[in-house]
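Both ligands and their constituent atoms are indexed starting at 1 by order of listing.
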Amino acid sequence: MAAVAAASRSDELEALHASVSNCTACRLAETRNQVVFGSGNPAAELMFVGEAPGFHEDQQGLPFVGAAGKLLERLLAGIGLARDDVFIGNVLKCRPPGNRDPLADEIEACQNHLFRQIELIQPRVVATLGNFATKLLSGNPTGITRVHGREQNVRLGRSEVLLYPIYHPAAALYTQAMLGVLEEDFRRLPELLGREAAPVEPGEGATAEIAAEPIASEAVTQLGLF
Ligand code: SF4
């Protein structure tokens, strides 16, 4: 029965992929080459959420294929995992021109694609890479420098997950000290994957209602999320 349910969720994820590939809900549809939906194991226990596709991702249609992707693969190998074991996606599915930061209204337009992905994949651990994914999924404006390596239970739509903020690999590419912190945070992932998700108390986790009622762009701004 569980296998049937997983297969059904995998089919639904494929259907979502097909539908998001034609999304024109924000201005980024006008400048992208293609939507970068995300890739990996559709029933992964560990999911990574980055910021947005860059130049190479936009060209190839796959997430994390540049230098940051290589680092992510190396970090995964260090804990005995490969790309195919996990699912890798982004907050935004289309590349912002010139790799600029995502805008609040773009995040508002795109966030439900991400929440639906999480609902279908049902990961035990969601590792947010950098500020944008961390602030969106935690519902907390505190920056990654202060919250990295600190897991918390959150409810995202109908899913309860262990949210684990870590630095974005791109930020660690050229900063040795940050790379050391990222490697250290990565080493805790196997332990987190073996941990049962604790029940979330009502009201705990500011994202509890996000999937049902997405954050409006004004609210995103007011919260100081971005
Ligand atoms: Fe749609 Fe998201 Fe792409 Fe905007 S970034 S067009 S909301 S898929």
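Remark: the N112 side chain and the R116 side chain contain no N/O donor-acceptor pair separated by less than 3.5 Å. D85 and N41 share no side-chain donor-acceptor pair at under 3.5 Å.
Side-chain atoms of S19 never come within 3.5 Å of backbone atoms of A15 as a donor-acceptor pair (strictly under, hydrogens ignored).
The residues R83 and E73 are annotated as salt-bridged, a charged nitrogen and a carboxylate oxygen being separated by less than 4.0 angstrom. No salt bridge links R27 with E30; every basic N to acidic carboxylate O contact stays at or beyond 4.0 Å.
Remark: minimum distance from atom 3 (Fe) of ligand 1 to any protein heavy atom is reached at C94 SG, 2.3 Å.
In summary, the atoms of ligand 1 found under 4.0 Å from a heavy atom of C110, numbered by their order in the structure, are 2 (Fe), 5 (S), 7 (S), 8 (S). Within ligand 1, the atoms closer than 4.0 Å to a non-hydrogen atom of C23 are 1 (Fe), 6 (S), 7 (S), 8 (S), numbered from 1 in the order shown. Every atom of ligand 1 with a heavy atom of A109 under 4.0 Å away is listed here by number and element: 7 (S). In summary, the atoms of ligand 1 found under 4.0 Å from a heavy atom of R32, numbered by their order in the structure, are 3 (Fe), 6 (S).
Screening Q34, H113, Q117 for a side chain to side chain donor-acceptor pair (under 3.5 Å) involving K93 leaves a single residue, Q117.
Residue contacts with ligand 1, taken as heavy atom pairs separated by less than 4.0 Å, involve H113 solely via side-chain atoms from C-beta onward.
At a cut-off of 2.8 Å, C26 coordinates atom 4 (Fe) of ligand 1 through an N, O or S atom.
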